[in-house]
Protein chains: 2
Amino acid sequence: MRKRNLTINDIAKALNISKSTVSRAIRNKHDINPLTKKRILEYADEHDFHPDIVAQSLRSRSTKTIGVIVPAYHIPFYSNAICGIQDFAMKMGYNVMICHSNEQYEIEIKNVDALLAANVEGIIISVARDTEKNEHIRKLKRLGIPLVLFNRVIEDFKAAKVVVNDYYGAKNMINYLINTGCKNIAHISGPNNILLSNNRKAGYFDALTEAGLLINEDIVLEADFTMESGINTTQKLLEKNEKIDAIFAVCDAVAFGVIKVLKQNRIKIPEEISVAGFTNEPMAELVEPSLTTVKQPIYEIGETASKLLFAQINDPDLPPELCVLDTTIEVRESTRQ
Amino acid sequence: MRKRNLTINDIAKALNISKSTVSRAIRNKHDINPLTKKRILEYADEHDFHPDIVAQSLRSRSTKTIGVIVPAYHIPFYSNAICGIQDFAMKMGYNVMICHSNEQYEIEIKNVDALLAANVEGIIISVARDTEKNEHIRKLKRLGIPLVLFNRVIEDFKAAKVVVNDYYGAKNMINYLINTGCKNIAHISGPNNILLSNNRKAGYFDALTEAGLLINEDIVLEADFTMESGINTTQKLLEKNEKIDAIFAVCDAVAFGVIKVLKQNRIKIPEEISVAGFTNEPMAELVEPSLTTVKQPIYEIGETASKLLFAQINDPDLPPELCVLDTTIEVRESTRQ
DNA sequence: ATTTTTATCGGGAACGTTCCCGAAATCAGT
DNA sequence: ACTGATTTCGGGAACGTTCCCGATAAAAAT
C-alpha cells in the first residue's frame, strides 16, 4: 500500500484554484499566468510534490518502461550489455525491466508474458539456448510491440537485430592463427540452432579453405556456451589423438574450459597448442595464460539495441534494421606470436 | 502509446452485463452466479483479456514493484545477488527495478529518486564506495519505505540488513594461513568508510593477536575494491621490502591484482607468498593459481535481502532485522598446504 | 400470504492525472 | 462604446480498475 502522497487536487484546494491549472503549471504549459504558475510551483516545491507516475501512465497510456530478456543475468557479456541498454534508456527517460530465462524456453515464454502484463513499450531480447520455436516472439510482432533481437538472433525472422560480424571475426582470428604458423586448427562450436555458432563456424571453414588448408571434420566438435561443456569437449578432442596445434572456441567461457584441460594434461599453451576465444570477457585477461580472443564491443551492442528500440518506439512503421558491429582481435598470451 | 487492449467494459458491453460483474468474475470473487462467471471467463479467455496492470496499480495504490540499487551491475557478486533478489520477488508476484550508482554518491541519490518516482514499494540497496553521507537513505526511512541494506551497509543506522560474518570470515582465513605456517601476513583492506572493510580488518588483527603474532602496521595498506587498486597497492607493499609470506586481500578483485603483480615479480605463489581473497567470485577458480578465498553465499544473500524486504512490506511495523550469513573457507592453490 | 433472508447484479464514486471545451475577463482595434 | 481577439482559468469527462452500497428477484421463514 503506497503512502498517500500530495496530489494536484491537494494543491488546488490549498491554493483555491482548479486542478487543471495546477496540472498546467506543473507541466509547464502555456495558458497560464506566470504569477499563478510561480505560486503553484513554489507550493509544490515546498511540499515536495511529485506527480503520480501511475496515474500519468494510465491517462497517457504510456508506461515509459521497456523490457529486456537475457538467457542469464550473471554472464558478464549480458550484464555489460544490459548496462548499455539501461544507460541509453535512462537518457530517454525510460525504466528498464529485466528478466532472465535461465537458458530455458518455457521461462522465456513466461518472461514475455510478464513483460506484456507490465505493459512495456518495447522489448529487447537475446534468446535462450533451448529456444527452437519462436511463436512467443512472433506474438510480440503481431501485437505490434517494438522489438530488438541481439547477440543470439533468429535467422528467418524480420525484426531489428544487433549482432557482431561473427563470420569475419572468426575468419580474422583463424587467419591470425594461420599466420602464426598453426596448420591444424580445431574448432569447438556452439549449438547449431543458434545463428552465431554457425556464422563463426563458417568463418572458420572459409578461412581454412582460402588458405589452402585441409578441413578435418574430426576436429570440429560442438559444445554449448559453458565452461563445463568446454572441458568435456576438449577431453573428447584430445582422446581422438589427432594432430592439433590450435583450438578456436566459440566463446571465451568454452575457451577457459579448453585452457583448463590442456593445462591438466601438461600441454603447453601456446607452444604446443594455441587457444583463442570469442567475446573478450573480463576474465580473458586474468586467466593463465591470458586469452587471445575476438573482442566484441559489448557495451555498444547493448547501447545500439536500445537505440534501435527507441527508434521503433518513436516511429512504429520503421523498417527493421540489421546492425552489425565490428570486432577486433585482442592478442594475448594464449596464442603463439 | 500502448495499443488499445480489451477492457472489462468491452466484455461488459459484449455480454450485456455490468463491468462490476465482469470484475468480480475475473478476480474470482463471490457474489456471482457460477454460470455468468463461466460465460465471462470463457469470453475473456477467448479474446485474450488481461487486466490493465496500470489501472490496477492506480486503484489499489500498489505497484507490485520493488527497487534495487547496487554500485555496479557487472560485478559478479552483484549480478548474482540480484538473481537471488529477483527470483524471490517474482515468487511474490513482484517486479524488480534495478539501478546502478556506478560507485558514485550523486548517482545513488538520483537512483533513489527514480525509484521513488516509480512508486516502488520497497528498496534493497548496497551503498556506493563514495557514499559517506546517507541523507538519501534516511529520507527513505522517513517516508516509511521498506528498506533493506546488504553487503555494504551503514553502521549506525537502524534498518534491516543482510551481511556475512565478515569478522569471523577474515579471522578464520587468517587462522588458516597461520596454520599453514605463515607468520608475516600482510593485509590489503578496503576503504575504511565501508563497514565490511573494518570488520574484515578487525578479524585480521584479532586473529594475529590471539595467535601471539606481532602486528606490523606497515604491511596493512588500504585499497578500494578494484583489481587496479590491488595492483597499485601490492606494488607499494613490495617496495617496502618487508618480510611477507602471505597477503590477505579484502576481496577477490583485489586479490587478482595481488596475484598479477606477484607473478610479474616472479614471486612464487604460494611457495613464497600465499594469497587469499574474500567473496569467491566465479573468476577465483580460473585464475592461476586458483584463489583460496572466503566463500560467501552470494545468491542467498540476495534471496535473504528479498525475504526481509517482503517481511517489511507485509508488516510495516516489523522491527529491523540484522541477518548475518555464514562464510566458509574455500581452499585452492594460492595458499600453501 | 407476508415478511425476512440470500444470491446476484448494476450504478456510481474513487484512484491521480490529462485534455477538451467553454466561460470570464482583459485587451486591442474600430 | 461596441466588436473581436487574447489570456487565463474551471468544469467535467476520460484512462481501466475496484469497491461500496443499494436494487431486484428468488428462496426461505414466519
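Just so it is clear: chains get the letters A, B, ... in the order the sequence lines come, proteins before strands, and each one is counted from 1.
- Base engagement by B:D31 is indicated by at least one non-hydrogen atom pair under 4.0 Å involving a base atom.
- With no hydrogens or angles considered, no side-chain donor-acceptor pair links B:N80 and A:Y73 at under 3.5 Å.
- Minimum heavy-atom separation, A:V68 to A:L115: N-CD1, 4.1 Å.
- Protein atom CD1 of A:I53 is 15 Å distant from nucleotide atom P of C:dG16, rounded to whole Å.
- Residue A:T36 has a polar side-chain atom (N or O) positioned under 4.0 Å from OP1 or OP2 of D:dC9.
- For A:T21, counting side-chain heavy atoms from C-beta on, the closest listed nucleotide (D:dG10, C:dG10, D:dT17) is D:dG10.
- Applying the salt bridge (Lys or Arg N to Asp or Glu O under 4.0 Å) rule to B:E135 yields the partners B:R142; only residues at least two apart in sequence or on another chain are considered.
- Rounded to an integer number of Å, the gap from A:R39 CZ to D:dT8 P is 14 Å.
- Comparing the start and finish of the helix from C:dT2-D:dA29 to C:dT26-D:dA5, five pairs each, the helix axis swings through 70°, to the nearest 10 degrees.
- Rounded to an integer number of Å, the gap from B:N33 CG to C:dT6 P is 18 Å.
- Side chains of A:K161 and A:L308 form no contact here, defined as non-hydrogen atoms less than 4.5 Å apart.
- When all heavy atoms of B:P146 and B:Q312 are compared, the closest pair comes out as CA-OE1, 3.6 Å.
- Within the 4.0 angstrom heavy-atom criterion, only backbone atoms of the sugar-phosphate kind lie near B:K29; the bases stay farther away.
- For A:R59, the side-chain atoms get nearest to D:dC15 when compared with the rest of D:dC19, D:dC15, D:dG12.
- When the C1' atom of D:dG10 is taken as reference, atom CG of A:N9 falls 13 Å away, rounded to whole Å.
- For the residue pair A:R24 and A:S20, no side-chain donor N or O sits within less than 3.5 Å of a side-chain acceptor on the partner.
- Under the 30°/60° scheme for interplanar angles, the aromatic rings of B:F150 and B:F77 are found to lie parallel.
- Between A:Q56 and C:dT18, a side-chain N or O to OP1/OP2 separation shorter than 4.0 Å is present.
- Side-chain nitrogen and oxygen atoms of B:S18 include at least one within less than 4.0 Å of the OP1 or OP2 phosphate oxygen of C:dG10.
- Between A:R61 and D:dG16, a side-chain N or O to OP1/OP2 separation shorter than 4.0 Å is present.
- Side-chain rings of B:F49 and B:Y43 stay apart, their centers remaining 6.0 Å or farther from each other.
- When distances are taken from the side chain of A:D52 to each of D:dG11, C:dG16, C:dC9, the shortest belongs to C:dG16.
- In this structure, B:L35 atom CG and C:dA7 atom P are separated by 16 Å, rounded to whole Å.
- Across the protein-nucleic acid pair, B:L58 atom CG and D:dT18 atom C1' stand 10 Å apart, rounded to whole Å.
- One can place CD1 of B:I26 at 14 Å from P of C:dC9, the figure rounded to the nearest angstrom.
- Along DNA chain D, the nucleotide nearest A:I32 and the nucleotide nearest B:S23 are compared for position; the residue whose nucleotide lies closer to the 5' end is A:I32.
- With rounding to whole Å, A:I11 atom CD1 is found 12 Å from C:dG16 atom P.
- Phosphate proximity of C:dT18 to A:R27: present, with a side-chain N or O under 4.0 Å from OP1 or OP2.
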